[in-house]
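Structure record follows, encoded as structure tokens.
Start at 1 with the first residue, then count along the sequence.
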Amino acid sequence: LKTRIKQAYSKWQAMLEEGLSKILSDDKDPAIIAEIILTMITGGVVHSALGIKMSPMNEVLPPIVE
């Protein structure tokens with residue numbers, strides 16, 4: 001199970017990096033931003049499971065990627 005989860009994370013990170021590389025300016029590292037976003041998403045799943053309120057992603061992401 002752990003191996004499958006790691007493979008899925010790698011795939012998601014690669015997909016995020018590919019998309020971000022098309023829209024980010026040259027001074028932003030798509031790998032770093034992808035890791036931050038993936039961490040936020042997976043952390044959000046944990047927050048939701050625990051019933052902890054989160055800010056909407058459309059409010060959280062702009063300060064990171066701008």
Side-chain angles (χ1 to χ4, degrees):
L1 179 61
K2 185 176 180 179
T3 301
R4 289 194 335 221
I5 292 171
K6 286 173 106 176
Q7 289 171 342
Y9 268 60
S10 293
K11 181 179 177 183
W12 298 335
Q13 176 132 7
M15 290 168 60
L16 283 167
E17 284 181 40
E18 181 181 343
L20 289 167
S21 68
K22 296 175 183 176
I23 62 169
L24 291 176
S25 60
D26 290 338
D27 64 332
K28 301 278 187 187
D29 184 348
I32 298 296
I33 303 296
E35 186 173 346
I36 292 168
I37 292 170
L38 188 54
T39 300
M40 290 171 53
I41 291 169
T42 55
V45 171
V46 172
H47 273 73
S48 293
L50 296 174
I52 298 170
K53 186 179 181 308
M54 285 184 49
S55 299
M57 286 289 186
N58 64 338
E59 293 177 14
V60 175
L61 288 177
I64 295 170
V65 296
E66 289 179 354

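Here the CD-CD1 distance, from Glu35 to Ile33, works out to 10.5 Å after rounding to the nearest 0.5 Å. Taken from CG in Leu20 to CD1 in Ile32, the straight-line distance is 11.5 Å, to the nearest 0.5 Å. The distance from the CD1 atom of Ile5 to the OG1 atom of Thr3 is 9.5 Å, given to the nearest 0.5 Å. Within the model, atoms NZ of Lys53 and NE2 of His47 stand 11.5 Å from one another, a figure rounded to the nearest 0.5 Å.
Other residues, nucleotides and ligands contribute over 12 non-hydrogen atoms within 6.0 Å of the CG atom of Asp27. For Met15, the CE atom is loosely surrounded, since the number of other residues' heavy atoms within 6.0 Å does not exceed 12.
Linking Ile, Leu, Val, Met, Phe, Trp and Tyr whenever their side-chain heavy atoms come within less than 4.5 Å leaves Leu1 and Val45 in two separate clusters. In the hydrophobic cluster analysis, where Ile, Leu, Val, Met, Phe, Trp and Tyr join through side-chain heavy atoms closer than 4.5 angstrom, Ile23 is grouped together with Leu16. The cluster map of Ile, Leu, Val, Met, Phe, Trp and Tyr, joined by side-chain heavy atoms under 4.5 Å apart, puts Ile37 and Val46 in different clusters.
Here the side chain of Gln13 pairs a donor or acceptor atom with the backbone of Ala31 at under 3.5 angstrom.
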Requested in this report: Output, in order, the C-alpha distance, side-chain angles, deciding distance and verdict of side chain to side chain contact (heavy atoms under 4.5 Å, CB included) for Tyr9 and Thr42.
Outcome: CA-CA 10 Å; Tyr9 268 60; Thr42 55; 2.9 Å; yes
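Residues Leu24 and Pro30 come closest through the heavy atom pair CD1-CA, 3.9 Å.
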